[in-house]
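Notes to accompany the following structure.
Each ligand, and each atom within it, is numbered from 1 in the order the structure gives. Numbering starts at 1 and runs along the sequence shown.
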Amino acid sequence: MISWNPALARRHLRTLHDFSDEEMMQLVDLALALKARKDSGVRGDLLRRRNIALVFEKSSTRTRNSCVVAAQDEGGNAQYLGHETHFGHKESVKDSARVLGRLYDGILFRGFRQDTVEQLAKWSGVPVWNGLTDESHPTQILADLMTLRQRFGDIRGRKLVYMGDGRNNVANSLMAGCAKAGVNYVNCTPGQLLPDPELVARATAIAAKNGSTVTVECDPAVAVRGADALYTDVWVSMGEEAKTAERIAMLRPYQVNMDLCRATGNLGSGLVFLHCLPAFHDSETEVSKDTGAQEVTDEVFESDFSAVWDEAENRMHTIKALFVSAIGDPAAGA
Ligand code: CP
Ligand code: NVA
């Protein structure tokens, strides 16, 4: 029997701060329950006759397909809307929001400006989920927390170290998510890429309430000592391609490789490697071949302590939990 907190109905996910710490972990627990039910071969109907718009300004493999499968698994429909709509150019975000809100039961947006998510939430009249902006990537972090829960059970007091571009969308949301979950978070990044001090202060206050810490540390060897999880992301996010050369020069010392994993002291005794993906871990992709960007070595990426495929799968279960809790029908085949 799948059940969820009725207080989650019709809620937006603009950033992780839209949910209390407890509600955020309830979403993760709901995702674990939905996965267990799917794994047991039982199909649900919780999104029956629900229509979800997927408004995407940037590319996606995981997020887009997770939405489609999550909706279909529960008898709903997710419609991809790419560059062929008038959204944000011939028609204002405000007007498109009011149209889409008349047609759809919820909207997931991926794009550039955080303000677009805010506008959609303000004007559409339906729940809006942030599927990545320049500033944040909250649905990713729900999947990351789910993956940590699968590996460690209770994750409070564990230590996660993020290596790389310390001010990107994933780093920002990961800091908030770890603080809310009571996970000790270390952002290891060069001085030129430090996170916004306001975001750090907010996360630090939340972490303190949950008995954990938020730290920014420029020295990789110091940062990773005692880490239970190492996390990295691409060195150049979507929309920042012009900065590729300077980022590679800055971030090469922050690559996740076996030496860094050994420096945690936990290699072979529970260390987990996480990456939101897509990843440059070898020279197979054109971009990596051209630029030499490689935030993680093949050896780590393909290792037995790499949890990246579970993490990618969990995007679907956590997005399903968001959809179900916001617009699901609790009486429909739960
Ligand atoms: N991690 C993630 O958001 O992947 P996509 O860009 O493929 O959606
Ligand atoms: N920081 C990356 C995340 C991709 C999922 C980007 O924005 O491109």
- For ligand 2, is there an N or O atom under 3.5 Å from any N or O atom of S237? yes

Chain-and-number sorted residues having a heavy-atom contact under 4.0 Å with ligand 1 are S60, T61, R62, T63, R110, H137, Q140, C276, L277, R315

shortest atom 4 (C) of ligand 2-to-protein heavy-atom contact is with L132 CD1, 3.9 Å

The protein heavy atom nearest to atom 7 (O) of ligand 2 is N169 ND2, 2.8 Å

Does the side chain of S212 come under 3.5 Å of the side chain of R156 through a donor N or O and an acceptor N or O?
no

For residues 183-205, the side-chain hydrogen bond (donor to acceptor under 3.5 Å, both in side chains) pairs (sequence neighbours left out) are N184-T213

I'd like to know if D29 pairs up with R149 as an ion pair, taking the criterion as any Lys NZ or Arg NE/NH1/NH2 lying under 4.0 Å from an Asp or Glu carboxylate oxygen.
yes

Assess whether a salt bridge exists between R50 and E74, defined as any Lys/Arg side-chain N lying under 4.0 Å from an Asp/Glu carboxylate O. no

- Task: Please report the C-alpha distance between W309 and F273 in whole Å, then the side-chain angles of each, then the deciding distance to 0.1 Å, and finally whether the ring-ring contact (aromatic ring centres under 6.0 Å, His included) criterion is met.
- Result: CA-CA 11 Å; W309 309 124; F273 171 71; over 10 Å; no

N314 and T147: side chain donor to acceptor below 3.5 Å: yes

Margin query: With respect to M238, determine whether any N or O atom, backbone or side chain, lies less than 3.5 Å from an N or O atom of ligand 2.
Written below: yes

Note: D134, heavy atoms under 4.0 Å from ligand 2, region reported as neither

Ligand 2 to N168, heavy atom cutoff 4.0 Å, flagged ligand atoms 1 (N)

Heavy-atom closest pair (I327 atom, P127 atom, distance to 0.1 Å) is CG2-CG, 3.7 Å

| field | R37 with D73: basic N within carboxylate O range, under 4.0 Å | value | no

the protein heavy atom lying closest to atom 5 (C) of ligand 2 turns out to be L277 O, 3.6 Å

**Message:** Please report whether ligand 2 has a polar contact with D233, defined as an N or O pair separated by less than 3.5 Å (distance criterion only).
**Reply:** yes

Is the closest basic N to carboxylate O distance between R167 and E240 below 4.0 Å?
yes

Under a plain distance cut-off of 3.5 Å, with no hydrogens placed, do S237 and D165 share a side-chain donor-acceptor pair?
no

